[in-house]
Amino acid sequence: MMSSAPVPTLPHHSLLVFLLQLAVLLLLALSLGQLAARFKMPAIVGELLAGVIVGPSLLSHVWPSLADWLLPKDPGQQHLLDAVGQVGVILLVGITGMELKFDLVRRRRHTALRVSLAGLLLPLGLGVGVGFLLPSSLMEGDTSPTVFALFLGVAMCVTAIPVIAKTLMDMNLMHRDVGQLTLAAGVIDDVVGWFLLSIVSAMATAGLTTGTIATSLLYPVGVVVTAWLVGRPLVKWALRAAGRSASPGPTVAVATVIVLFGAAATQALRLEAVFGAFVCGVLIATSGELDHEKLAPLRTTVLAFLAPVFFATAGIRMDLSALVRPTVLATACAVLAVAILGKFVGAYIGAKMSGLGRWEALALGAGMNSRGVIEVIVAMVGLKLGVLGSETYTIIVLVAIVTSLMAPPILRIAMARIDENAEAEMGLADTKTRDLTSLPPASV
């Protein structure tokens, strides 16, 4: 009887390079993230910059031999680093879903819905329109112009809850009515944004036919319905069993397993893994059995290790040298203008429809305009699917950075002109909800 050949282990040099990649990227990401935070900028700016430094934008030009050694072109070597980044982003999205405060949406549902829908539909429409107008040279290979335009529209309409929450906390605006309303509208944006991303990703994978379009629409709906009817009771039972232990270990393990299984399920359906992770995060958040204190070790591990590595790998894929080309630079300016205009005008219209003043509307627009982590994840999905090339990927990540940097100064100007007493009299919301400080501050 013949025995099967043993599985070869990871070669010595490959393991050495992988360990150094992790160490260098994590060191740079954490250091530059802390530096960015000291200058009142989102940490994601520094974490992305870590990848930009060691990637084709800088190190490849300054010290090509070191760049080739540290980041070899061998696909197997690249996949090792990608695998860590993918685990990081899946758990990060799961945590984002766990931290969403749906009680905010219930209390502010009418105003939040108006602000969110207007802030979604206008940039979505503008993004799709710009996508059809962009030069074909910026599209990857045989990518369908329709899929590319739809993907750009989704990228333009998302909002980053972690960036909004961190900005409001830093500025001591979490208790203000406009601050809480911005978060409530952002929750709706997040949910709809992930849903749209899963649909467009399925279209990109399966192609554009009547059958695949119908499948792309029905699969996400089916996932949500199945998760609610079947998954929710199982999640509730699992978390209740884990919660019997005084140690946080079982709760962390169960939450991680739930998120990973959810990601695997949607990946098997040819939807994006992050969609399943987000849905499972929401199931955990709404189970009524979640102890946020016991999730602290998971949050710390993801936000202090896995997420910075993911954002650094995202920065590696940026090529800022492409911006010297007039076509790419002009496209970047046009996409950035559309992204900012669409969110600001959309949120402003939604706020005015709800009877808010111009400064309240401007503050909402500034908060909703922050793209941050969500935009980077969308860009990475587009790159992985082959919908985006290096130039368009770089442009979308730049949108994430610029819009996140814009939020604090504009919020300061707007909020300084809003009278708190008048704000309370307008009845935007009560000020009871002060527990939002549990949102992940380092995930921005």
Side-chain angles (χ1 to χ4, degrees), residues 96 100-102 104-131 150-168 173 176-197 199-200 278 335-378 396 399-400 402-408 410-411 413-415 418 428-429 444:
T96 301
L100 293 183
K101 303 294 181 181
F102 290 95
L104 275 178
V105 179
R106 285 192 291 270
R107 283 197 294 273
R108 319 265 166 81
R109 56 186 177 275
H110 299 301
T111 303
L113 191 60
R114 291 189 195 100
V115 173
S116 178
L117 288 181
L120 273 168
L121 295 177
L122 187 59
L124 176 64
L126 290 174
V128 171
V130 169
L150 288 171
F151 200 92
L152 188 61
V154 172
M156 295 300 97
C157 75
V158 297
T159 294
I161 283 285
V163 174
I164 299 171
K166 181 64 163 57
T167 301
L168 293 172
L173 298 175
R176 296 284 295 272
D177 294 337
V178 170
Q180 294 189 21
L181 180 58
T182 302
L183 284 171
V187 170
I188 299 173
D189 261 23
D190 255 14
V191 173
V192 177
W194 289 118
F195 193 78
L196 291 175
L197 178 63
I199 293 173
V200 176
F278 180 76
V335 171
L336 182 60
V338 167
I340 295 170
L341 181 68
K343 270 294 181 185
F344 264 97
V345 173
Y348 192 91
I349 290 172
K352 295 299 288 184
M353 287 171 59
S354 301
L356 306 188
R358 61 175 179 173
W359 291 111
E360 288 90 348
L362 183 63
L364 282 165
M368 300 288 288
N369 187 47
S370 300
R371 295 332 201 274
V373 53
I374 309 302
E375 184 92 324
V376 176
I377 294 172
V378 170
I396 291 178
V399 170
V402 173
T403 55
S404 297
L405 291 175
M406 287 175 62
I410 297 176
L411 268 173
I413 293 170
M415 295 302 291
I418 300 173
L428 296 180
V444 298

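Residues take their numbers from the sequence shown, with the count starting at 1.
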With a 3.5 Å cut-off and no angle check, do the side chains of Ser116 and Asp189 form a donor-acceptor pair?
-> yes
State the OH-CG distance between Tyr348 and Leu364, to the nearest 0.5 angstrom.
-> 11.0 Å
Separation between OG1 (Thr159) and CG (Leu183), nearest 0.5 Å, reads 11.0 Å
So, Ser404 side chain and Gly372 main chain: donor-acceptor pair closer than 3.5 Å or not?
-> yes
Kindly say whether Val376 contributes a backbone atom to a donor-acceptor pair with the side chain of Arg371 at under 3.5 angstrom?
-> no
Heavy-atom closest pair (Ala185 atom, Val115 atom, distance to 0.1 Å) is CB-CG1, 4.0 Å
Examine distances only and state if a side-chain atom of Lys352 and a backbone atom of Gly357 form a donor-acceptor pair shorter than 3.5 Å.
-> no
Do you know which of Val130, Leu122, Leu152 makes side chain to side chain contact (heavy atoms under 4.5 Å, CB included) with Val338?
-> Val130
Check step by step if side chain to side chain contact (heavy atoms under 4.5 Å, CB included) holds for Leu196 and Cys157.
-> CA-CA 10 Å; Leu196 291 175; Cys157 75; 4.2 Å; yes
Which distance, rounded to the nearest 0.5 Å, do you find between the NZ of Lys343 and the CG of Leu124?
-> 10.0 Å
Excluding sequence neighbours, so at least two apart, what forms side-chain contact (heavy atoms from CB on, under 4.5 Å) with Met353?
-> Arg114, Ile349
Carefully, step by step, assess Leu356 and Leu181 under the rule side chain to side chain contact (heavy atoms under 4.5 Å, CB included).
-> CA-CA 11 Å; Leu356 306 188; Leu181 180 58; 3.8 Å; yes
d(Trp194 CH2, Thr96 OG1) to nearest 0.5 Å is 7.0 Å
Identify the heavy atoms of Thr403 and Val399 that sit nearest to each other, and give their distance.
-> OG1-O, 2.6 Å
Roughly how far, to the nearest 0.5 Å, is the CG atom of Asp190 from the CD1 atom of Ile374?
-> 5.0 Å
What one should report as the nearest heavy-atom pair of Ala366 and Ala407 is O-CB, 3.7 Å
Non-neighbouring partners of Ala363 that pass side-chain contact (heavy atoms from CB on, under 4.5 Å), sequence neighbours left out = Val178, Leu411, Ala414, Met415, Ile418
Calculate, to the nearest 0.5 Å, the distance between atoms CG and CG belonging to Leu121 and Leu126 respectively.
-> 11.0 Å
Candidate pair Ile396 and Val378, rule side chain to side chain contact (heavy atoms under 4.5 Å, CB included), full reasoning | CA-CA 9 Å; Ile396 291 178; Val378 170; 5.6 Å; no
Sequence neighbours left out, what passes ring-ring contact (aromatic ring centres under 6.0 Å, His included) with Phe151? Give chain and number order.
-> none
